[in-house]
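The block underneath contains the structure these notes are about, expressed in structure tokens.
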Amino acid sequence: MPLLAAMVVLVLAAATSRTLPHGALVDLSHPYDATTIYWPTESGFKLEKEHDGPTEQGFYYRANRFFSAEHGGTHIDAPAHFAEKGRTVDAIPLEQLVGEAVAIDVSRKCLADRDYRISLDDLKAWEKAHQEIPKHAIVLLRTGFAKYWPDRKQYLGTDERGPDAVKHLHFPGLDRAAAAWLIAEREVNAVGIDTASIDHGQSVKFETHVELMTHDVPALENLTNLERLPPTGLTVVALPMKIAGGSGAPVRAIAIIQNK
């Protein structure tokens with residue numbers, strides 16, 4: 001394991017009072033740049049150069065400023081995003097952001113139907129093929145849409161911008177009833193997806209967001225590289241920028257594929 005990766009594992013293990021497994025690391029986050037996809041009502045990511053070059057004192061110095069909405073790129077929706085009394089980003093327990101995970105591949109159905117809602121039947125079919133979703137797991141949902149990034153039209157269903165563009169969004173999401181089952185029957189710590197929203201693009205009531213977040217379950221959105229993950233034998237580390245009072249934040253998420 002590279003030295004930096006080993007240091008990350010050791011620091012996280014100390015922070016969460018648990019020992020993380022050794023294994024291959026998979027980056028689940030898109031980089032932030034001018035092509036990063038945001039909701040049509042947001043302006044996107046901007047990097048402003050402050051200094052890049054030699055200084056009068058003779059040393060090289062580089063520094064930038066960045067500007068971003070909370071919800072864009074690979075990010076977390078804190079429960080406070082859709083629940084008045086939900087936890088803000090800084091209040092989410094680390095135990096919900098670091099832990100055992102499963103990767104559920106529903107890409108065949110999602111790529112065949114841009115408006116597909118991942119159902120309870122899909123979750124039960126996965127369990128029949130693999131295992132029961134562990135209690136307090138992080139559930140990652142693979143729709144296959146990450147392959148379209150950063151093509152806004154392919155990824156979102158439209159490349160229009162502004163409030164009127166929202167009604168033209170077409171991408172898969174998680175059905176509310178399936179979310180309710182994950183909460184009640186599997187007591188999940190978090191849910192993640194490789195689309196722009198845990199709700200499907202045509203949603204107007206955001207029922208899945210409401211279901212999850214009124215139960216203090218955060219959502220990870222715009223994930224990537226889920227095709228590199230096995231269904232089980234995973235640990236996920238998803239640490240957001242710790243924005244006090246934030247309803248969401250950029251997140252660097254990784255998966256550790258445990259050595260057999």
Below 4.0 angstrom, N of the basic side chain to O of the carboxylate: do [X] and [Y] qualify?
{"X": "Arg142", "Y": "Asp194", "value": "no"}
{"X": "Asp27", "Y": "Arg252", "value": "yes"}
{"X": "Asp90", "Y": "Lys242", "value": "no"}
{"X": "Lys124", "Y": "Asp121", "value": "no"}
{"X": "Arg186", "Y": "Glu132", "value": "yes"}

Is a donor on one side and an acceptor on the other found under 3.5 Å between the side chain of [X] and the backbone of [Y]?
{"X": "Asp151", "Y": "Tyr148", "result": "no"}
{"X": "Asp216", "Y": "Arg87", "result": "yes"}
{"X": "Ser119", "Y": "Asp122", "result": "yes"}
{"X": "His136", "Y": "Glu187", "result": "yes"}
{"X": "Glu221", "Y": "Ile198", "result": "yes"}
{"X": "Glu100", "Y": "Pro134", "result": "no"}
{"X": "Thr214", "Y": "Phe82", "result": "no"}
{"X": "Asp199", "Y": "Thr208", "result": "yes"}
{"X": "Thr36", "Y": "Asp33", "result": "yes"}

| message | Walk me through whether Asn222 and Tyr155 qualify under side-chain hydrogen bond (donor to acceptor under 3.5 Å, both in side chains). | response | CA-CA 10 Å; Asn222 294 321; Tyr155 190 75; 2.7 Å; yes

| Derivation of the side-chain contact (heavy atoms from CB on, under 4.5 Å) call for Leu223 and Leu141 | CA-CA 9 Å; Leu223 295 173; Leu141 303 169; over 6 Å; no

Please check if the distance between the ring centroids of [X] and [Y] is under 6.0 Å.
{"X": "Tyr32", "Y": "Phe45", "value": "yes"}
{"X": "Trp149", "Y": "His30", "value": "yes"}
{"X": "His81", "Y": "His71", "value": "yes"}

| query | Where do Tyr38 and Ser68 land on the side-chain hydrogen bond (donor to acceptor under 3.5 Å, both in side chains) test, with the steps shown first? | reply | CA-CA 9 Å; Tyr38 283 71; Ser68 173; 2.6 Å; yes

| query | Which is it for Thr41 and Val166 under the side-chain contact (heavy atoms from CB on, under 4.5 Å) test, yes or no, and what are the steps along the way? | reply | CA-CA 8 Å; Thr41 53; Val166 175; 4.2 Å; yes

Check the surroundings of atom [atom1] in [X]: do more than 12 heavy atoms from other residues, nucleotides or ligands lie under 6.0 Å from it?
{"X": "Glu50", "atom1": "CD", "value": "yes"}
{"X": "Gln57", "atom1": "CD", "value": "yes"}
{"X": "Lys153", "atom1": "NZ", "value": "no"}

| Going by distance alone, is a donor N or O of one side chain under 3.5 Å from an acceptor N or O of the other, for Tyr60 and Arg62? |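 Looking only at side-chain atoms, Arg62 and Tyr60 do form a donor-acceptor pair, the distance falling under 3.5 Å.
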
| said: We want to know whether Asp52 and Tyr61 form a side-chain donor-acceptor pair, criterion being a heavy-atom distance below 3.5 angstrom. | reply: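 On atom types as modelled, these side chains do not qualify, holding no pair under 3.5 Å.
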
| task | Any pair with a residue in residues 224-238 that passes side chain to side chain donor-acceptor pair (under 3.5 Å), sequence neighbours left out, goes on the list, sorted by first then second residue, please. | result |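 Non-adjacent pairs meeting side chain to side chain donor-acceptor pair (under 3.5 Å): Thr235-Gln258.
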
| field | Minimum heavy-atom distance between Ile138 and Gly99, given as atom pair plus value | value |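 Heavy atoms of Ile138 and Gly99 come nearest at CD1-N, 4.1 Å.
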
